[in-house]
Amino acid sequence: MNLLITGGAGFIGSHVVRRFVTQYPNYNIVNLDNLTYAGNLENIKDIDQLPNYSFVKGDITDLDQMRSVINEKEIDGVIHLAAESHVDRSITDPLIFVRTNLIGTSNLLQACKEAWKDNWEGKLFYHVSTDEVYGSLELDHSMFTETTAYDPRSPYSASKAGSDHMVRAFYHTYHMPVVISNCSNNYGPNHFPEKLIPLFINNIINRKPLPVYGSGENVRDWLYVEDHARAIDVIFHKGSHGDTYNIGGHNEWSNIDLIKTLCRVMDEKLGRSNGESEQLITYVKDRAGHDMRYAIDASKLQNELGWTPSLQFEEGISKTIDWYLNNKEWLANVTDGSYQEYYKKQYQ
Ligand code: NAD
Ligand code: DAU
């Protein structure tokens, strides 16, 4: 199997690449990433010398480049994670989300279709998507299932929804073997410190304000990133072609409760007095169009493929905080931009 993983220098992609490179030594893994601000090869430097791993600096918005890579590397399978992923950035610059998420995904589908010449034997296109395509839930007990109607509300989620539709269109029109998964909020090591958990860990370390959007009552369903990578592994190998699988942590937190927990655990770990970090909480203007609540019903994945989350949140958040406290250099490098030097040293 020659497997192309896109976005493997990013947060989730780096965990997926590590899992596949180490668990499947007989697969050749090609990590294709354009190394945007979110791509950091330091995330996978522990495995980048392994013989079944190679890296290509490539841009999914460049159709000819995708054609060349898929042909030259004789790619049989794709796990597609490359994306613009931050909702706040999509509010200030929606068009880059259309280019990367919608056009980039369409380019990859088209390049695979051409290379595979409609001979689908042994081929698979796995598209990694998000629960945000389903829209926003009320503060009740409802959950997103695989049949919940799409109702994306931010430029980010609309561009991801569009990419999901293109993947299904290639399945229905050309019979390309595809699978899609829609996952809830991830957390864990290598998470870029623009997203809630790593941003707040970094700000607590540096005693900077913790900007809570709106009332802080919005709810997210958090999953440890390695559990997501394991779910992708299970779905890639056992999922039914043409199907969608929801992935979630059964782990809902209001932002403000999560932030207070983060403050408490970090005060303990940093030897600060209880309540010190909570004083950094600062309520700020709400995110435009802020989705109120996400919650995933992952029972299809559990019942059909036997996947369940392995880590309790208390353990996962403690491991995550420890990782950031033990990797202050990583944090410093990504906040001052010097992490992008790693590529130049290794690959240019
Ligand atoms: P990320 O922003 O950390 O990483 C994205 C990666 O894609 C980066 O390495 C970046 O360099 C690369 N990339 C961006 N544009 C590219 C282009 N034009 N060509 C090639 N590479 C490009 O994102 P993430 O949080 O790891 O998310 C990965 C995927 O999982 C995304 O598709 C996202 O929608 C989805 N997802 C994320 C979450 C989450 O909580 N983070 C949850 C569910 C689904
Ligand atoms: O649900 C899956 C999605 O989760 C993924 O598809 C996205 O790629 C990922 O970024 C994430 O989206 P969110 O918008 O939920 O994540 P974010 O970390 O940006 O915000 C989480 C919550 O915290 C959200 O309600 C907004 C709030 N927030 C966020 C930031 C960055 C704040 O209150 N303050 C902040 O500074």
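When a ligand or atom number is given, it counts from 1 through the structure's own listing order. None of these values were measured; they are calculated from a predicted model.
- Between His191 and ligand 1, not a single N/O pair is under 3.5 Å apart.
- Polar contact check, Asn40 against ligand 1: no nitrogen or oxygen pair lies under 3.5 Å apart.
- In terms of polar-atom proximity, Tyr37 is not counted as a contact of ligand 1, lacking any N or O under 3.5 Å from an N or O of the ligand.
- In Ile197, neither the side chain nor the backbone holds a heavy atom less than 4.0 Å from any atom of ligand 2.
- Residue-level proximity to ligand 2 for Lys195 is carried by backbone and side chain together, each with a heavy atom below 4.0 angstrom.
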Next item on the list: For Phe236 and Val179, run side chain to side chain contact (heavy atoms under 4.5 Å, CB included): C-alpha distance rounded to whole Å, both residues' side-chain angles, the deciding distance at 0.1 Å, then the answer.
Entry: CA-CA 8 Å; Phe236 182 78; Val179 277; 5.7 Å; no
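- The shortest N/O to N/O separation between Glu84 and ligand 1 does not fall below 3.5 Å.
- In terms of N/O distances under 3.5 Å, ligand 1 is approached by Asn34.
- By the 3.5 Å distance cut-off applied to N or O atoms, Gly10 is counted among the residues near ligand 1.
- Counting only non-hydrogen atoms, the option in Thr6, Ile12, Leu32, Val128 that gets closest to atom 39 (C) of ligand 1 is Ile12.
- Checked by distance only, ligand 1 and His228 stay at 3.5 Å or farther apart across all their nitrogen or oxygen atoms.
- In terms of polar-atom proximity, defined here as any N/O pair under 3.5 Å, Thr61 makes no such contact with ligand 1.
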